[in-house]
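Here's the structure, in structure tokens; my notes come after.
Just so we're clear, the structure is a prediction, and the values are computed from it rather than from any experiment. Numbering of ligands and ligand atoms starts at 1, following listing order.
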Amino acid sequence: MPHFIGQPCLGVKDAACVSVCPVDCIHSADDEAMFYIDPEECIDCGACLPVCPVQAIFTDDDAPPEQERFIEVNANFYRERFEG
Ligand code: SF4
């Protein structure tokens, strides 16, 4: 199941995850408050999990309930930006 980035990333945008992702599927924009994982491209390698300083990355089959809405938030970023 794809990984996604949740609320702890908001306002942090550390970007450590971006540099370790082997398929370059983590992106943001200047006007965005966090990073997002592309669910179509993520290969579930898990490399991003240990490098996040705020534990903002989750898998969608093992996410805390309060983070589940970010599954859609991540997917929507790619729908809106790249499929518009
Ligand atoms: Fe990238 Fe792997 Fe993290 Fe998916 S699990 S976002 S492929 S580093």
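A parallel orientation is assigned to the rings of Tyr36 and Phe77, their planes being inclined by less than 30° (bins at 30° and 60°).
Listed by number with element, the atoms of ligand 1 under 4.0 Å from a non-hydrogen atom of Ile37 are 6 (S). Those atoms of ligand 1 with a heavy atom of Ile26 less than 4.0 angstrom away are 6 (S).
Scanning both residues, Tyr78 and Cys25, for their nearest heavy atoms gives OH-O, 3.3 Å. Residue Leu49 comes nearest to Ile57 through the heavy atom pair CD2-O, 3.0 Å, listed as atom of the first residue, atom of the second, then distance. Among all heavy-atom pairs drawn from Phe58 and Pro64, the shortest one is CD2-CD, 3.4 Å. Listed here is the closest heavy atom pair of Cys48 and Ile26: CB-CD1, 4.3 Å.
Among protein heavy atoms, the minimum distance from atom 2 (Fe) of ligand 1 is reached at Cys45 SG, 2.3 Å. For atom 1 (Fe) of ligand 1, the closest non-hydrogen atom of the protein is Cys21 SG, 2.4 Å. In terms of protein heavy-atom proximity, atom 5 (S) of ligand 1 is closest to Gly46 N, 3.2 Å. Looking at atom 7 (S) of ligand 1, its nearest protein heavy atom turns out to be Ile43 N, 3.4 Å. Shortest contact from atom 4 (Fe) of ligand 1 to any protein heavy atom: Cys42 SG, 2.4 Å.
In summary, Cys25 places no N/O/S atom under 2.8 Å from atom 1 (Fe) of ligand 1, failing the contact criterion. Here Cys48 reaches atom 3 (Fe) of ligand 1: one of its N/O/S atoms is less than 2.8 Å from the metal.
Contact annotation for Ile57 and ligand 1: no heavy atom of the residue comes within less than 4.0 Å of the ligand. Residue contacts with ligand 1, taken as heavy atom pairs separated by less than 4.0 Å, involve Val23 solely via side-chain atoms from C-beta onward.
Ion pair Arg79/Glu40 not flagged as a salt bridge, since none of the NZ, NE, NH1 or NH2 atoms sits closer than 4.0 Å to an Asp/Glu carboxylate oxygen.
Remark: the backbone N or O of Gln67 is not paired with any side-chain donor or acceptor of Gln7 at under 3.5 angstrom.
Ile5 CD1 to Leu10 CG: the interatomic distance, rounded to the nearest 0.5 Å, is 10.5 Å.
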